Amino acid sequence: MKKRIAYASSLLLASSLVLSACSGGEDASPADNGSGTSVNAPSGEAGESPAASTVLSEPVVASDMSKLPQTAVQRTDTVIVGLTDPSGSFTPYFSQSGYDGNVASLLYTSLVTSDAEGLPVADYADSFDVSEDGLTYTFHLPEKGSFSDGSPLTSEDVAFTWTLLHDKAYDGDTDITLMKVKGGLAYKEGKADSIEGIKIIDPYTISVTLEEPNATALLNLGGNVLSKAYYGKDYKFGQLDYLQKLHSTPIGNGPYILEKFLPGQEVRFTANEHYLKGKPGVEHFIYKTSQGDTWQFLETGEVDLASYTATQENIDKLKGLGYVDILPYTPSTYGYFQLNLENEQLKQKEVRQAITYGLNRQAIYVDANQGAGEVANIPAAPISWSYTQEGINTYEYNPEKAKELLDAAGWTVGGDGIREKDGKKLSIHYLGSKSPATDIFIAVAKENFAEIGIEFQPEVFADFNALVSKVESKDYDMAAFSTPMLTDPSDGVYQFIDGSLPGYDNPKVKELYAKGLATVDTEERKAVYQELYQILNDELPVIFTSYKKSVYANNGRLKNVSISPYRGIAQSLPEWKIEQ
């Protein structure tokens, strides 16, 4: 039940407003406009990193709060954080982008969340039980819980949410059918009036039975709960259009209530007095969505928290401000190039491998970031318990190896230096998002690809939705994306089995994906994912790019700030306080 939301790989740090809460970004800008860091990539060979930083490993406390700008000092009950402009669809399971999800994460609290290791723990739910056969999951709800309008949150609401997601008209990014709830498919196909596996035991106890064990069931079924009274008032099977008018006026059970959404400017929140864990310590929260220089906003006190790549230059500059606390942060995400595998030139595995060998990813994602990054070769972040390097090809920059692979694949160099096969040139139409990071990539890629005989045609978009539209029209060869936060290893490989990568269909990958979900034994799952990663690392249905190392800087008056690699700022936000 994974949210299939992709992110432009270079929208998310330094040169743009910080993206927080449910999503994380890869391949972020190596420096913001004004940090002084050169946007020219180093010309050295892979492995050279003369400017590599000693990445911050421990938090740094503000050294001189007297430097705090008056703009921030005067805000006594409001916290402002930057966010790329959302679309306004704030109902969980119906988000149009991860930015919508960031907003929703403050309005709703899930039944179950992830601990520091990415393992499930009760959040809104009092507790949960799992049957010995791993098929039945029982959730115990708090009797004093309610939605933000004061109405009680009960088992009926949980049952309604699970049922709605099984509706044949549901077309959001959460595929609950992967959980294989008993009777779920029959309901979706209109063969049953209710879902057999969902049992309301009492107003505050509900169970769900699956057809087979699933290691992600607790986190996926223990997600956000929709109010039946609000979202289900006009519900009829197969007819969900009525929900559209509710997406911009959500009612949730989270720490904050949506006060107002001003597109292109800000999203305003007010503390929810009905929040189960007590009214949040900060009365007002604002996501600032207007475009601008993050350094400027932090230096003038216009925002209270921002994120930057963890270069030594950025860290030193943040320390020099005096009034910010600095937190090291590594998100559970990975960056990648989505490939149009229906295009003839990319169907051959050898061509995809040659592209990877022929691209100096070390220079682009590590050296240009002063060491604040790491080259990725599998669909899992280093902080994941499933991460491995055993049997993994690192595809270190090797243009000669790339040339050998292209020669063997039948692509010969033409008179203009561009390879040809069957009368067609080997050309890559690349889509990226406007940012200094993209500028670096294009500069290096042009040189790298020219050396191995590939024509490179970059196209850059200022608007992320326009980029996505171009990808959906299939008018591209390679497009830069990053995953959202990955809680379970299955999240990182789901795109290889769900049909979202046209042209890629490997039965063995699907078999291993299912096997990895069929047991809750971590060691057994590790072995499965190791085999799966080796296959994907060899076949390269996408080209893996990087993992990001970043830092968060917050106004030193803000206390109790922590950033979860799986949930972002949303998990600690209710505990934040402004020290006067």
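Treat the numbers as computed from the prediction; the structure is a model and nothing was measured.
The aromatic rings of Phe481 and Phe464 lie perpendicular to each other, with more than 60° between the two planes, well past the 30° mark. Between Phe337 and Tyr430, the ring planes are perpendicular. Angles over 60° get that label, and only those under 30° would be called parallel.
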Going through the checks in order, is the side-chain contact (heavy atoms from CB on, under 4.5 Å) test met by Thr161 and Tyr93? CA-CA 10 Å; Thr161 303; Tyr93 313 113; 3.7 Å; yes
Apply the test side-chain hydrogen bond (donor to acceptor under 3.5 Å, both in side chains) to residues His247 and Asp100: give CA-CA distance (whole Å), side-chain angles for both, the deciding distance (0.1 Å), then the verdict. CA-CA 10 Å; His247 293 334; Asp100 290 336; over 6 Å; no
Tyr99 and Tyr287: CA distance, side-chain angles, deciding distance, ring pair (Phe, Tyr, Trp, His ring centres under 6.0 Å) verdict: CA-CA 10 Å; Tyr99 313 120; Tyr287 269 137; over 10 Å; no
Run the side-chain hydrogen bond (donor to acceptor under 3.5 Å, both in side chains) test on Ser435 and Ser433 for me, step by step, so that the C-alpha distance in whole Å, both residues' side-chain angles and the decisive distance to 0.1 Å come before the verdict. CA-CA 6 Å; Ser435 75; Ser433 297; over 6 Å; no
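The ring of Tyr336 has its center closer than 6.0 angstrom to the ring center of Tyr334. Aromatic rings from Tyr387 and Tyr533 are positioned such that their centres are separated by 6.0 Å or more. The six-membered or imidazole ring of Tyr235 lies away from that of Phe237, with a centre-to-centre distance of 6.0 Å or more. Aromatic pair Phe90/Phe261: ring centres closer than 6.0 Å. Taking the six-membered ring for Trp and the full ring otherwise, Tyr329 and Tyr552 have centroids separated by under 6.0 Å.
A salt bridge does not link Lys182 with Glu211: none of the charged nitrogens is closer than 4.0 Å to a carboxylate oxygen. The pair Asp463-Lys434 does not meet the salt-bridge criterion, since no charged nitrogen lies less than 4.0 angstrom from a carboxylate oxygen. Remark: Lys228 engages Glu156 in a salt bridge, criterion side-chain N to carboxylate O under 4.0 Å. Between Lys349 and Glu539 no salt bridge is recorded (no basic side-chain N to carboxylate O distance below 4.0 Å). Between Asp488 and Arg525, at least one side-chain N (NZ, or NE/NH1/NH2) sits under 4.0 Å from a carboxylate O, which counts as a salt bridge. Using a cut-off of 4.0 Å between Lys/Arg side-chain N and Asp/Glu carboxylate O, Glu524 and Lys526 are scored as not salt-bridged. Using a 4.0 Å cut-off between charged side-chain N and carboxylate O, Asp498 and Lys510 make no salt bridge.
By the neighbour-count criterion of 12 heavy atoms within 6.0 Å, atom CG of Asp171 is sparsely surrounded, having that number or fewer from other residues, nucleotides or ligands.
Using modelled atom types, one finds a donor on one side chain and an acceptor on the other under 3.5 Å when comparing Thr136 with Thr209. For the residue pair Asp193 and Tyr187, no side-chain donor N or O sits within less than 3.5 Å of a side-chain acceptor on the partner. A side-chain donor-acceptor contact under 3.5 Å links Thr113 and Arg567.
Remark: the backbone N or O of Asp85 is not paired with any side-chain donor or acceptor of Thr289 at under 3.5 angstrom.
Not counting sequence neighbours, the partners of Ser146 by the side-chain contact (heavy atoms from CB on, under 4.5 Å) test are His274.
For the salt bridge (charged side-chain N to carboxylate O under 4.0 Å, His left out) condition, the pairs that include at least one residue of residues 471-484, sequence neighbours left out, are Glu342-Lys474, Lys470-Asp475.
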